[in-house]
Amino acid sequence: QVPLVESGGGLVQAGGSLRLSCAASRRTFTTYHMGWFRQAPGKEREFVAAISSGGGITQYGDSVKGRFTISKDYAKNTVHLQMNSLKPEDTAIYYCAANTYMSVYSSQYSYWGQGTQVTVSS
């Protein structure tokens, strides 16, 4: 119903950067709030970042504040997650999600992408 297509994951050395992208339909992009979550083996799904439908409000999880930036590209209907100063503990599957309101709780999001693997080596 609301397809989300992630890209940009991969392998990077500690201290490096990656930019994840989440492409959506124009309707989804302009109507829904978007979020990024991640899940590492043996850990619960963790809130990473969220952005309001209009792009004016952003939220970040404590573990990524100052290192990650969420943004919207209106020309491409795409949400980006710029990840800098990556650490091995950032290794996880990263998921894009959409919801009718902003939330830090994964259980409250209505739509999810398939995830993209990010691996940070020491």
Side-chain angles (χ1 to χ4, degrees):
Q1 184 176 143
V2 183
L4 303 172
V5 182
E6 298 125 321
S7 62
L11 175 65
V12 65
Q13 294 182 349
S17 299
L18 283 174
R19 188 178 73 161
L20 305 184
S21 299
C22 176
S25 70
R26 181 63 177 174
R27 181 163 52 196
T28 297
F29 185 78
T30 58
T31 300
Y32 289 85
H33 306 283
M34 307 295 294
W36 288 95
F37 292 80
R38 67 187 184 185
Q39 188 164 24
K43 298 182 66 177
E44 296 181 348
R45 189 163 294 187
E46 177 186 19
F47 171 73
V48 176
I51 189 167
S52 61
S53 59
I57 304 173
T58 58
Q59 292 179 286
Y60 296 95
D62 290 341
S63 63
V64 306
K65 287 180 179 177
R67 299 189 298 121
F68 291 9
T69 303
I70 188 170
S71 63
K72 303 185 74 172
D73 184 338
Y74 291 91
K76 297 181 178 180
N77 302 321
T78 299
V79 178
H80 298 291
L81 182 68
Q82 179 67 46
M83 305 185 295
N84 298 326
S85 301
L86 283 163
K87 306 173 182 179
E89 49 263 46
D90 294 319
T91 296
I93 300 175
Y94 284 70
Y95 298 92
C96 178
N99 199 42
T100 55
Y101 55 92
M102 290 189 71
S103 176
V104 301
Y105 303 107
S106 61
S107 62
Q108 296 184 342
Y109 277 74
S110 298
Y111 307 103
W112 293 84
Q114 294 300 307
T116 184
Q117 177 70 48
V118 172
T119 302
V120 184
S121 62
S122 300

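Worth knowing before you read on, the calculation uses all heavy atoms, side chains too, and leaves out hydrogens, waters and symmetry mates.
Here OG1 of T100 is found 7.0 Å from OH of Y32. Values are rounded to the nearest 0.5 Å. From D90, atom CG reaches atom CG of L18 across 10.0 Å, with rounding to the nearest 0.5 Å. How far CH2 of W36 is from CD1 of I51: 12.0 Å, rounded to the nearest 0.5 Å. Interatomic distance, M34 CE to H80 NE2, rounded to the nearest 0.5 Å: 11.5 Å. Interatomic distance, CD1 of I57 versus CD1 of I70, reported as 12.5 Å (0.5 Å rounding). Note: R45 CZ to R38 CZ = 13.0 Å, rounded to the nearest 0.5 Å.
Cluster membership for V48 and M102, using ILVMFWY side-chain heavy atoms within less than 4.5 angstrom, is not shared.
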Notebook entry, point to check: Taking it one step at a time, do S103 and Q108 satisfy side chain to side chain donor-acceptor pair (under 3.5 Å)?
Noted result: CA-CA 7 Å; S103 176; Q108 296 184 342; 2.7 Å; yes
Requested in this report: Would you please test D62 and K65 for salt bridge (charged side-chain N to carboxylate O under 4.0 Å, His left out) and show each step?
Outcome: CA-CA 5 Å; D62 290 341; K65 287 180 179 177; 3.1 Å; yes
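When all heavy atoms are compared, the tightest approach of A98 to L4 is N-CD1, 3.9 Å. The shortest non-hydrogen separation linking A14 to S122 is CB-CA, 4.5 Å. Of all non-hydrogen atoms in G9 and V118, the two that sit nearest each other are CA-CG2, 4.2 Å. Here the closest non-hydrogen pair linking S17 and Q82 is CB-NE2, 3.9 Å. The two residues A49 and L81 come nearest to each other via the heavy atoms CB-CD1, 4.1 Å. When all heavy atoms of E6 and C96 are compared, the pair lying nearest together is OE2-N, 2.6 Å.
Remark: N77 engages R26 in a side chain to side chain donor-acceptor pair (under 3.5 Å) (not counting sequence neighbours).
In the hydrophobic clustering (ILVMFWY side chains linked at under 4.5 Å, chained through shared members), Y95 is joined by F37, F47, I93, V104, Y105, Y109, W112.
Remark: Q114 CD is loosely packed, at most 12 non-hydrogen atoms of other residues, nucleotides or ligands lying under 6.0 Å away.
In this structure a side-chain-to-backbone donor-acceptor pair under 3.5 Å is missing from T119 to T91. Using modelled atom types, no side-chain atom of K72 and backbone atom of G56 make a donor-acceptor pair closer than 3.5 Å.
Between F68 and Y94, the ring planes are tilted. Angles from 30° to 60° get that label.
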